[in-house]
**Q** 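Quick one: the structure is below, questions incoming.
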Amino acid sequence: MEVALECIYSCERDDQLSLCYDILECLPQRGYGPETEITGSLHDKVDKLEKHLSVVEVLEKHGLQKPISYVKNSQNSKEEAHQLMVKLCRHTGRKNPPVSASVWKALLKDLLDMQQNVYTCLESETCHQIFVESLLCSSRVENVRLAGQLMHCSADVPVSLSFRGKGHTLKVAYNSSVELVLAAAREYFNSSTALTDPCMGLARACLQLITDCPPAIQEELDLISALSQLEDFSVRILPLQVRLRSNRLSLIEECIAQCSTAYKQSATLLNLASLLRVSGDDDKRRKGQVLTLLAEQALKCLDFKASYIHCQDLMGAGVYPAWEVCSLLGQSEGYRDLEARQELLAFALTHCPPDNIHALLAASSDLQTQVWTIRPFSNSDPVTSAAIYSHIAGTSRDLLQRTTAKTMEVLTTTGLTTKAVLTAVSDHRWVKESLNYLRPLQGRGSGATNQEGVDENSNLEHQGCSAFYQELIEDPYVDPVSGLDLYLPWTIIFCCGPSS
């Protein structure tokens, strides 16, 4: 018995299975002759040999021959056992013509027998997952459907029931099913050359096995749907390139570049951006980025109305980075809707960086001047209104430049002078005490009452003012209760800034 065992296990050829069985039949069976510790051990080895031979027989039946020494050496290796079962399933899936469902079911039974007899280092659940994965990756729709019968395709099934049953009636647990389906679908998707590739249909078939469609499955389905819309905009790109594109907003930019009227299809492009998961799950940011691109394209095409509609959506949604396109449209002389341009510039002024405020203020003032000037001609005929508008647009800009320059010159001089005076005065109380000398200028006795002052100008014939400004107004009414000391601190702050 010992010599026979050594001969069988030392053979490295994979075509000697029949001879191995012949040698096995020559060996004495258990129970014949005296039973000793040595003979018992030898009979145990012979029983193990029979199991090893059964594995070699299964491999040979499915066209994957291995020497019996390989089975003996790999029986305790989890990694090699896993690789062997994967290789056996994939080998069956590549057969031509394709094998039937009954052959696949027989293969599953053989896998479980191999696991129970020899490869006990593997779990039965692992054998089921290997088998289902091979069905999913067999490139045949009928095998994909068969795999669906061996999986739990909804999270509603309790985990405790996932592997309830015996043999091939077991089903893969839901979480593992989702992982297997995603892996197979991504493999098909990545190997496709176009949306019409047969592999794309297999990817969709795999994903549709999971009936409750969790987010990961929905994302893959959306990616397939996105390919169709990209083709509608004449964007030719490999599916794998779409998946690997880190900045998927650039795909929207390509669609806009390929179609001159893309800005009129905002709903379609917003849906495409959603399918591509532009900006992840941030819907507000995604919408802002897409609408900004559409508003810019509409502005380049001089479709001011369409651009304004997109800008309105951006302003209504509070998309603050859109201030730039709103600023461009607000400063477009070709856009005749002055009130809309005012609204756009107001939004831009509210949300622009500090460095852009001065230029936008100048543009806003220019626009306001045009509004005031053109309002008396609002009822004129279109031709006259257009001529007036063109003339005023030029003159108002020149007027704004002249008045702005003069105003800045006066404010600069006044600010420097006031600051110099206040800096020279070391005691700030001096200013307040000096105001007492201005009291007689009010032309009122110290005993005058508030009521008397009101009665003197009850008919509103004189313009009221503080005593500080009475020399600037002809025949003014000096308010007896408005002292300069109430306004002085604020005047100092606004003119000169806070003292250092």
**Q** State the CG-CD distance between Asp337 and Gln342, to the nearest 0.5 angstrom.
**A** 9.5 Å

**Q** What distance separates Cys206 SG from Arg186 CZ, expressed to the nearest 0.5 Å?
**A** 12.5 Å

**Q** Side chain of Ser177, backbone of Ala173: donor and acceptor closer than 3.5 Å?
**A** yes

**Q** In this structure, are over 12 heavy atoms from other groups packed under 6.0 Å from Glu253 atom CD?
**A** yes

**Q** I'd like to know if the side chain of Ser134 reaches the main chain of Ile130, judged simply by a donor and an acceptor atom lying under 3.5 Å from each other, with no hydrogens or angles considered.
**A** yes

**Q** Got a donor-acceptor contact below 3.5 angstrom from the Arg248 side chain to the Val278 backbone?
**A** no

**Q** With the side chain counted from C-beta on, respond yes when Val55 and Gln75 share a heavy-atom pair under 4.5 Å apart, and no when they do not.
**A** no

**Q** Just by distance, no angles: are the side chains of Asp303 and Tyr263 close enough, under 3.5 Å, to form a donor-acceptor pair?
**A** yes

**Q** Taking Ser364 for the side chain and Leu360 for the main chain, is one N or O donor matched with an acceptor at less than 3.5 Å?
**A** no

**Q** With no hydrogens and no angle check, is any side-chain donor or acceptor of Gln115 less than 3.5 Å from a backbone partner on Leu122?
**A** yes

**Q** Of the non-hydrogen atoms in Ala81 and Tyr119, which two are nearest, and what is the gap between them?
**A** CB-CD2, 3.4 Å

**Q** Does the side chain of Ile357 reach to within under 4.5 Å of the side chain of Cys352, using non-hydrogen atoms?
**A** yes

**Q** What is the distance from atom NZ of Lys284 to atom OG of Ser279, rounded to the nearest 0.5 Å?
**A** 12.5 Å

**Q** Any salt bridge linking Lys109 with Asp113? Criterion: basic side-chain nitrogen under 4.0 Å from a carboxylate oxygen.
**A** yes

**Q** Does NZ belonging to Lys95 count more than 12 external heavy atoms closer than 6.0 Å?
**A** yes

**Q** Please check if the side chain of Thr369 supplies one atom and the backbone of Ser365 the other of a donor-acceptor pair under 3.5 Å.
**A** yes

**Q** With a 4.5 Å heavy-atom cut-off, do Arg245 and Ile237 have their side chains touching?
**A** yes

**Q** So that I can tick it off, tell me whether Arg236 and Glu254 are bridged by a salt bridge, with the cut-off set at under 4.0 angstrom between side-chain N and carboxylate O.
**A** no

**Q** Give a yes or no on whether Ile38 atom CD1 has more than 12 heavy-atom contacts from other residues, nucleotides or ligands under 6.0 Å away.
**A** no

**Q** Apply side chain to side chain contact (heavy atoms under 4.5 Å, CB included) to Glu133 and Leu136, showing your working.
**A** CA-CA 5 Å; Glu133 182 182 13; Leu136 292 172; 5.6 Å; no

**Q** Applying side chain to side chain contact (heavy atoms under 4.5 Å, CB included) to Leu182 and Leu207, what does each step give before you reach the verdict?
**A** CA-CA 7 Å; Leu182 285 173; Leu207 295 169; 4.2 Å; yes

**Q** Any sub-3.5 Å donor-acceptor pair from Gln297's side-chain atoms to Cys259's backbone N or O?
**A** yes

**Q** When you compare the side chain of Ile252 with that of Leu276, does any pair of heavy atoms fall below 4.5 Å?
**A** yes

**Q** Count the heavy atoms of every other residue, nucleotide or ligand shown that sit under 6.0 Å from NZ of Lys61, and state whether that count exceeds 12.
**A** yes

**Q** Donor-acceptor pair, Asp212 side chain versus Ala155 backbone, under 3.5 Å?
**A** yes

**Q** Determine whether Phe304 and Arg336 make a side-chain contact, defined as any pair of heavy atoms from C-beta on separated by less than 4.5 Å.
**A** no

**Q** Please round to the nearest 0.5 Å and tell me the distance separating atom CD of Gln116 and atom NZ of Lys51.
**A** 10.0 Å

**Q** Take Val325 and Leu291 through the side chain to side chain contact (heavy atoms under 4.5 Å, CB included) test and state the conclusion after the steps.
**A** CA-CA 10 Å; Val325 67; Leu291 289 180; over 6 Å; no

**Q** Rounded at 0.5 Å granularity, tell me how far CG in Leu53 sits from CD in Glu57.
**A** 8.5 Å

**Q** Do Tyr21 and Glu25 have side-chain atoms, one donor and one acceptor, less than 3.5 Å apart?
**A** no

**Q** Can you find a heavy atom in the side chain of Met114 that is under 4.5 Å from one in the side chain of Leu88?
**A** yes

**Q** Return yes if some donor-acceptor pair links the side-chain N/O of His62 with the main-chain N/O of Thr92 below 3.5 Å, else return no.
**A** no

**Q** Under 4.5 Å between any side-chain heavy atoms of Leu150 and Val172, yes or no?
**A** no

**Q** Less than 4.5 Å apart, any side-chain heavy atom of Ile256 and any of Leu269?
**A** yes

**Q** Looking at every heavy atom in both Lys66 and Lys87, which two are closest together, and how far apart are they?
**A** NZ-NZ, 4.2 Å

**Q** Take atom CG of Asp281 as the centre, draw a 6.0 Å sphere, and report whether it contains more than 12 heavy atoms from other residues, nucleotides or ligands.
**A** no

**Q** Which heavy atom in Cys153 sits nearest to a heavy atom in Gly148, and how many Å separate them?
**A** SG-O, 3.8 Å

**Q** Which heavy-atom pair separates Leu328 from Ser332 by the least distance, and what is that distance?
**A** O-OG, 2.8 Å

**Q** For residues Pro214 and Ile210, report the shortest heavy-atom separation together with the two atoms involved.
**A** CD-CG2, 3.6 Å

**Q** Search all heavy atoms of Phe347 against all heavy atoms of Ala322 and return the closest pair with its distance.
**A** CE2-C, 4.2 Å

**Q** Find the distance between NZ (Lys48) and CG (Asp44) and round it off to the nearest 0.5 Å.
**A** 10.5 Å

**Q** Please lay out, stage by stage, how Leu27 and Leu24 fare under the test side chain to side chain contact (heavy atoms under 4.5 Å, CB included).
**A** CA-CA 6 Å; Leu27 299 178; Leu24 181 64; 4.2 Å; yes

**Q** Just checking, any donor-acceptor pair under 3.5 angstrom between side chains of Thr350 and Tyr320?
**A** no

**Q** Any side-chain to backbone donor/acceptor pair from Ser327 onto Trp323? Under 3.5 Å, distance only.
**A** no

**Q** After noting the C-alpha distance and the side-chain angles of Glu220 and Arg243, does the key distance pass the salt bridge (Lys or Arg N to Asp or Glu O under 4.0 Å) rule?
**A** CA-CA 10 Å; Glu220 292 297 319; Arg243 181 186 295 282; 2.8 Å; yes

